[in-house]
Amino acid sequence: MRTVTRTVPAPADIRGELIGALPGSDLVLDLRLESVSEGVLVSGTIRVTLTGECARCLDPLTEELEVDVQQLFVYPGNEIDEDDEDDEIGRLVDDYVDLEPLLRDAVVLALPLAPVCRDDCPGLCPDCGARLADVEPDHGHDEVDPRWAALRAIGTTEVQRITDEQES
């Protein structure tokens, strides 16, 4: 068994829609390599700093992500290697292990789908786009859908008529 701690640059495609690792940023690998009868078992953690924007208010955000990984890399000619056509099993090539697909898959699958700057982020006003965290609590807009404008006029006239009758 061998333990390895390395800092490597992040590949360019470790990102989702709103958040990801900047290309070339540091991926910190704490890995354990174990020789097993089928090949080499790689397990450990990956730490990376993510940058992106909040899904609600679009403010920039930065957060740390730590992901556990484990994958078997089989020796060439091994029965598992011959029987399984799936790419889920890693392959040893000239006694080397290609960790990039494992790292990319583990980090991308652990990315939040809708990252938020804080759990109670109110987001943006759907009418004017103002950050709801920065505006007054009574922020609102009195825009009436033009399809309902005629009913509003009828309602105002009817209320005025009822008020006049009550006063007389």
Side-chain angles (χ1 to χ4, degrees), residues 1-137 139-141:
M1 179 181 79
R2 175 181 281 185
T3 49
V4 176
T5 301
R6 295 270 194 290
T7 301
V8 298
D13 55 353
I14 296 186
R15 80 172 294 102
E17 290 292 321
L18 296 173
I19 194 165
L22 293 175
S25 63
D26 290 342
L27 287 176
V28 180
L29 312 175
D30 290 321
L31 302 175
R32 187 172 69 190
L33 309 169
E34 296 177 76
S35 178
V36 294
S37 60
E38 295 87 10
V40 175
L41 179 65
V42 177
S43 57
T45 60
I46 304 167
R47 286 188 312 277
V48 62
T49 301
L50 303 174
T51 57
E53 57 189 21
C54 176
R56 295 180 190 162
C57 68
L58 304 177
D59 277 354
L61 63 90
T62 302
E63 67 180 57
E64 297 293 320
L65 178 68
E66 184 169 317
V67 182
D68 293 325
V69 295
Q70 183 173 13
Q71 184 167 346
L72 175 65
F73 292 85
V74 296
Y75 295 124
N78 192 308
E79 292 177 17
I80 294 174
D81 190 20
E82 294 169 2
D83 294 341
D84 195 357
E85 296 296 325
D86 194 7
D87 287 334
E88 296 288 323
I89 295 178
R91 314 280 193 252
L92 279 167
V93 179
D94 297 328
D95 292 335
Y96 288 100
V97 173
D98 183 12
L99 292 175
E100 186 173 332
L102 171 66
L103 303 177
R104 183 184 325 102
D105 292 348
V107 172
V108 169
L109 289 174
L111 291 175
L113 294 176
V116 290
C117 56
R118 60 181 208 260
D119 289 337
D120 63 342
C121 176
L124 301 174
C125 173
D127 294 322
C128 67
R131 285 188 69 235
L132 293 175
D134 296 339
V135 297
E136 298 295 321
H139 176 78
H141 303 277

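None of these values were measured; they are calculated from a predicted model.
- Summarising the geometry of Val40 relative to Tyr75, their closest heavy-atom pair is CG2-OH, 4.4 Å, with the distance given to 0.1 Å.
- Interatomic distance, Leu102 CG to Leu31 CG, rounded to the nearest 0.5 Å: 8.0 Å.
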Tell me, with the steps shown, if Leu29 and Leu103 meet side chain to side chain contact (heavy atoms under 4.5 Å, CB included). CA-CA 9 Å; Leu29 312 175; Leu103 303 177; 3.6 Å; yes
Under 3.5 Å, which donor-acceptor pairs do the side chains of residues 17-27 form with other protein atoms, sequence neighbours left out?
residue	atom	partner	partner atom	Å
Ser25	OG	Leu22	O	2.7

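- Interatomic distance, Glu34 CD to Thr3 OG1, rounded to the nearest 0.5 Å: 10.5 Å.
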Side-chain donor-acceptor contacts of residues 104-125 below 3.5 Å, not counting sequence neighbours, with atom names and distances?
residue	atom	partner	partner atom	Å
Arg104	NE	Asp13	OD1	3.1
Arg104	NE	Asp13	OD2	2.9
Arg104	NH2	Glu100	OE2	3.1
Arg118	NE	Asp120	OD1	2.8

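- The CG atom of Leu65 sits 11.0 Å away from the CZ atom of Arg47 when rounded to the nearest 0.5 Å.
- Put simply, CG on Asp68 and CD on Glu66 are 6.5 Å apart, with the number rounded to the nearest 0.5 Å.
- Between Leu72 and Val36, the closest side-chain pair of non-hydrogen atoms falls below 4.5 Å.
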